[in-house]
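A quick write-up on the structure given underneath.
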Amino acid sequence: MSENNWLFKADPKDYSIDDLANEQHQTTSWDGIRNYMARNLLRDEIKKGDKILLYHSNANPKGLVGLGQVVRSAYPDDTALDQSSVYYDPKSSRDNPIWYMVDVKLVKIFPEVIELRELKETKGLEKMMLTQRGSRLSIQPVRKSEWKIIMQLVSKLK
DNA sequence: GCCAACGTTGGC
DNA sequence: GCCAACGTTGGC
């Protein structure tokens, strides 16, 4: 039962790693995922204890900003039931929840952003989902080999 | 701000 | 079930 590695994307204008750092217990429910492929990963694959790369998209600079860990596995995303939420989805119901979320705890904020540009130039990350053209999935699997390479990049940061 | 890539919707 | 139209994502 080995743990798996993931990458969670967020637009820091919506939710940044600093927002996560300011949460109580530096933990948040990762709500608002409204893509079926990402949902399937959240619901079926992502387990408590799994480690996560946190990524800022649509940002300057954009790239990896830190590490998190799953502290609660999937449970229904209640923002889908909240009519006042931007994540409200009338197709979802308490009896038949469509959307799920996990709880994520901050592990580390990198002293500097590991930029997408750098990742694209790094040997061994050529096939990483993040570096592929047109890759929009907001919850992505990260291969063990890719995780290792990125951890080496992290260890070189000041 | 542009636009390619992608997912979803809805007419048929 | 197909697929064009549309909306969104996100890099550049």
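Labels below follow one simple rule: chain letters A, B, ... track the order of the sequence lines, proteins then strands, and each chain is numbered from 1. Since this is a predicted model, take the numbers as computed values, not measurements.
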Close N/O contacts between protein and nucleotides 1-3 of chain B (under 3.5 Å):
none

Legend entry - side chain to side chain contact (heavy atoms under 4.5 Å, CB included) involving A/Lys123 - partner list, sequence neighbours excluded: A/Glu126
Legend entry - Contact under 4.0 Å: A/Arg133 side-chain N or O vs B/dA4 OP1/OP2: no
Inset, instruction - Calculate the interatomic distance between A/Leu41 atom CG and B/dG7 atom P; express it in whole Å. - result: 13 Å
Nucleotide N/O of nucleotides 8-10 of chain C paired with protein N/O under 3.5 Å:
from	atom 1	to	atom 2	distance (Å)
C/dT8	O2	A/Arg136	NH1	2.9
C/dG10	OP1	A/Lys9	NZ	3.0
C/dG10	OP1	A/Arg136	O	2.9

Give every donor-acceptor pair under 3.5 Å between a side-chain atom in residues 75-86 of chain A and any protein atom, sequence neighbours left out.
from	atom 1	to	atom 2	distance (Å)
A/Tyr75	OH	A/Asp103	OD1	2.5
A/Tyr75	OH	A/Asp103	OD2	3.3
A/Asp77	OD1	A/Thr79	N	2.9
A/Asp77	OD1	A/Thr79	OG1	2.5
A/Asp77	OD2	A/Gly32	N	2.8
A/Asp77	OD2	A/Arg34	NH1	3.0
A/Asp77	OD2	A/Arg34	NH2	3.3
A/Asp77	OD2	A/Thr79	OG1	3.3
A/Thr79	OG1	A/Arg34	NH2	3.1
A/Asp82	OD1	A/Ser84	N	2.9
A/Asp82	OD1	A/Ser84	OG	2.7
A/Asp82	OD2	A/Ser84	OG	3.3
A/Ser85	OG	A/Tyr87	N	2.9

Legend entry - Separation of C/dG11 C1' from A/Lys13 NZ (nearest whole Å): 12 Å
Legend entry - Linked hydrophobic residues, A/Trp99 as query - side chain contacts closer than 4.5 Å: A/Tyr36, A/Ile98
Inset, instruction - Starting from P on B/dG7, measure out to CD on A/Gln140 and report it in whole angstrom. - result: 12 Å
Legend entry - Pairing residues for A/Ser135 by the side-chain hydrogen bond (donor to acceptor under 3.5 Å, both in side chains) criterion, not counting sequence neighbours: A/Gln140
Inset, instruction - Please list, by residue number, the residues of residues 117-127 of chain A whose heavy atoms come closer than 4.0 Å to an atom of DNA chain C; answer none if no residue qualifies. - result: A/Lys120
Inset, instruction - Sort and list the pairs that fulfil salt bridge (Lys or Arg N to Asp or Glu O under 4.0 Å) and have at least one residue in residues 16-25 of chain A, not counting sequence neighbours. - result: none
Inset, instruction - Quick one: name the residues clustered hydrophobically with A/Leu20, using the 4.5 Å side-chain heavy-atom rule over I, L, V, M, F, W, Y, and just say none if it's on its own. - result: A/Trp6, A/Phe8, A/Tyr15, A/Ile17, A/Trp30, A/Ile33, A/Met37, A/Leu41, A/Leu42, A/Ile46, A/Ile52, A/Leu54, A/Val65, A/Val70, A/Val102, A/Val104, A/Leu106, A/Ile109, A/Val113, A/Met129, A/Leu137, A/Ile139
Legend entry - Residues forming a side-chain hydrogen bond (donor to acceptor under 3.5 Å, both in side chains) with A/Ser155, sequence neighbours excluded: none
Inset, instruction - Please indicate whether A/Lys47 has more than 12 foreign heavy atoms, meaning atoms of other residues, nucleotides or ligands, lying under 6.0 Å from its NZ. - result: yes
Inset, instruction - Kindly write out the residues that satisfy side chain to side chain contact (heavy atoms under 4.5 Å, CB included) with A/Thr131, not counting sequence neighbours, or none if the list is empty. - result: A/Leu119, A/Lys120, A/Met128
Legend entry - Sequence-distant partners of A/Arg117, salt bridge (Lys or Arg N to Asp or Glu O under 4.0 Å), two or more places apart: A/Glu115
